[in-house]
Amino acid sequence: MLLLVVLSCALLPLLLGLDERRQDTVARDQAPNASHWFGTDGLGRDYGARVLVGGRASLLVGLVGTLVCVLIGTVYGAVAGYYGGRVDDAMMRVVDFLYGIPYMFLVILIMLTMSDEDRNSPTAVFAALGLVQWLTMARIVRGQVLSLRHEEYVLAARVMGARDLRIIFRHVLPNCIGPIVVYGTLQVAAVILLESFLSYLGLGLQLSWGNLVADANVVNPVESRWWLLAFPCAFLGTTLLSLNFLGDGLRDAFDPKTRR
Amino acid sequence: MTPPDAPLLSVSGLCVRFPTAGGVVRAVEGVSFELRRGETLGLVGESGSGKSTTARAIVGLVPVAEGSVRLDGTELVGAPAALRRARPRLQMVFQDPYASLNPRMTVSSIVGEPLVVHRRVVGRAALDARVCRLLETVGLDASLRRRYPHEFSGGQRQRIGLARALALEPDVILLDEPVSALDVSVQAQVLNLLEDLRRRLGLTYLFIAHNLGVVRHVSDRIAVMYLGRLVEVASRDALFGAPLHPYTEALLSAVPVPDPVVEAARRRIPLDGEIPSPTATIAGCPFRSRCSKAFDRCATDAPALREHRPGQWAACHLPERS
């Protein structure tokens, strides 16, 4: 299902020659029909094209934002958890402090430090979301590492004289992969949602699922143009649900104990 | 060159302390012993007596508060560079065959890792050949080396752990209860393998166990620990034949005898009384609270480990009184 969503967002607009910007002033506010499967919006743009192209942005932001946050969170959490003691205390207080600041405030702050032309670029949104969302990941990884570092195979690696970096990357982190993957997939969903919220505030991307949902909500009454809300929501919901199943499946696949 | 009768590993005045919320736990308190080349020293004691902590302190896994550990005369405590150089010669086998192997690595990479870390072999093929030889040394089928640890039984896993310890061709192996997690039938196989390897490869063992029967089978000398201290060190025959310390006596009385007639006549010396809290500062003999033969001097004087008979050391006032 997820694959279907991803593939259709990536390929369909190209294959069908859909243009999400072309306006057809005659065919405005049309309900789904044969020529516009998902209907058209108030400016006569094909809504199917907009949902699909918006999906590209949403998925990309979710993926890249998550990668950024997994990367920072994992390394930070692993270092804090492995060295423990004072290092851990200092590093986790920083995390606690950042937690105390409302994340939306942080995102806006990060966005405001960027120049105008950077602000609406996808890279800026990736960076801002990743920089804010790594905190929970850091805590999860730290907790795992803290309990794994007293495992006998970690002690065995120390006795054989392996260096810390090797122990962290060969012995500790591979055994944290389950929670990282599961939390990571949930994170994709969270980042997609966060981005749509940002779009609503005018800080996110120009066209994404969140953006479409936000625009549809302005229409009054919503029932009169249900398709504006229904399609992006259906895509968003399907994607988020699939991501959760995917997380579960990946965890099983990564665990050699369940492998036959 | 060290003289041939010099100890290979010598531990003296070793103290390990853990600060906790309830006070400082004195896990190991002034432990001294020597390991001579080629011998097996059994280290026994009940749970929490500091056996494993002693071994872990020797290899630098827990910080040493006081004392010294020398390998071939080279001090290892407080000398990270020396400890790192000594690592290949001083290896350890862990108690739990399920926890001591990384579940995400194949047997081949587990056994080969020490060789990679210390750059002992060049090239994949050479590494693979070494791993196969090591697995065969510990009696495992080398064709299983691509598998993961969970596909093996406890005994097989312990052999894998042993192969990993042997990879660097160590002089000394610290065996931290290597068979206590195994079935009795498998225990015997692993013990025989250990004995065989010791002879063939000229190894020296520190064999930790809480089962005197197992220790009797493998040890040349035995050291008994109680509450972080050594209470008796003697040759196996002296210790089993004529123990000096009442704690040793009590432990021996708990070992079942295979002969049913003798077994029926066996009298157990029960250990009553409380073990002092590990955070407490103890005046006098630490075993006093559970000792049936304690007298007035035990309450005031802490007995030192003394050689009461040739080669038999005990930390007790009794032999001096009689």
Side-chain angles (χ1 to χ4, degrees), chain A residues 70 74-75 77-78 81-89 140-141 143-184 249-260, chain B residues 19 52 55-56 58-63 80-81 83-106 109-120 147-151 157-158 160-162 164-168 170 172-174 176-177 181:
Chain A
V70 165
T74 302
V75 172
Y82 184 74
Y83 290 103
R86 296 229 177 93
V87 180
D88 182 36
D89 283 345
I140 288 174
V141 172
Q144 283 286 313
V145 172
L146 216 50
S147 66
L148 286 177
R149 122 188 125 112
H150 294 293
E151 288 283 320
E152 284 190 342
Y153 56 81
V154 174
L155 297 182
R158 284 172 63 191
V159 171
M160 79 177 63
R163 293 184 189 277
D164 289 349
L165 270 183
R166 182 184 180 86
I167 294 176
I168 291 177
F169 285 102
R170 285 282 285 171
H171 295 279
V172 178
L173 282 184
N175 286 293
C176 299
I177 206 89
I180 292 177
V181 165
V182 172
Y183 188 72
L250 280 179
R251 184 183 45 192
D252 290 348
F254 270 119
D255 189 350
K257 278 180 200 156
T258 57
R259 214 178 282 163
R260 267 178 305 132
Chain B
S52 294
R56 287 177 183 196
I58 291 172
V59 292
L61 285 180
V62 293
L83 180 62
R84 195 168 159 74
R85 269 195 306 279
R87 288 233 182 270
R89 303 184 53 196
L90 189 60
Q91 286 291 301
M92 186 157 174
V93 172
F94 291 86
Q95 174 179 7
D96 185 347
Y98 293 89
S100 63
L101 306 176
N102 186 340
R104 289 186 185 277
M105 287 166 73
T106 60
S109 42
I110 289 171
V111 174
E113 189 175 25
L115 299 166
V116 175
V117 166
H118 288 273
R119 300 197 178 78
R120 286 293 176 85
R147 301 213 178 161
Y148 286 88
H150 70 271
E151 297 174 69
R157 284 163 151 251
Q158 207 53 306
I160 296 168
L162 189 58
R164 172 175 62 191
L166 289 173
L168 295 169
V172 183
I173 301 186
L174 311 179
D176 186 0
E177 307 207 17

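Chain A is the first sequence line, chain B the second, and so forth, proteins listed ahead of strands; every chain is numbered from 1. The figures that follow rest on heavy atoms only: side chains count, while hydrogens, waters and symmetry mates do not.
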Which atom of A156(A) lies closest to which atom of S100(B), heavy atoms considered: CB-O, 4.4 Å
Minimum heavy-atom distance between P103(B) and Y153(A), given as atom pair plus value: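 So the two residues come closest at CD-CE2, 3.6 Å.
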I'd like to verify something: which residue of [options] has the highest number of heavy-atom pairs under 4.5 Å with chain A?
options: H118(B), M105(B), R84(B); value: R84(B)
options: N102(B), L168(B), V117(B), V116(B); value: N102(B)
options: E113(B), Q95(B), R164(B), R56(B); value: E113(B)
options: L174(B), D96(B), V59(B); value: D96(B)

Minimum side-chain heavy-atom gap Q91(B)-M160(A) below 4.5 Å: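 When only atoms from C-beta onward are counted, M160(A) and Q91(B) do touch, with a gap below 4.5 Å.
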Test item: M92(B) and L155(A) side chains (from C-beta on) under 4.5 Å apart, heavy atoms: no
Would you mind checking which part of [X] comes under 4.5 Å of any heavy atom in chain A, side chain (CB onward), backbone (N, CA, C, O), both or neither?
X: V93(B); answer: neither
X: L90(B); answer: backbone
X: L61(B); answer: both

R87(B) side chain vs R158(A) backbone, donor-acceptor pair below 3.5 Å: yes
Interface moiety of R166(A) toward chain B, non-hydrogen atoms closer than 4.5 Å: side chain
Pairwise distance CG(L101(B)) to CD(E151(A)) - rounded to 0.5 angstrom: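 Those atoms lie 11.0 Å apart.
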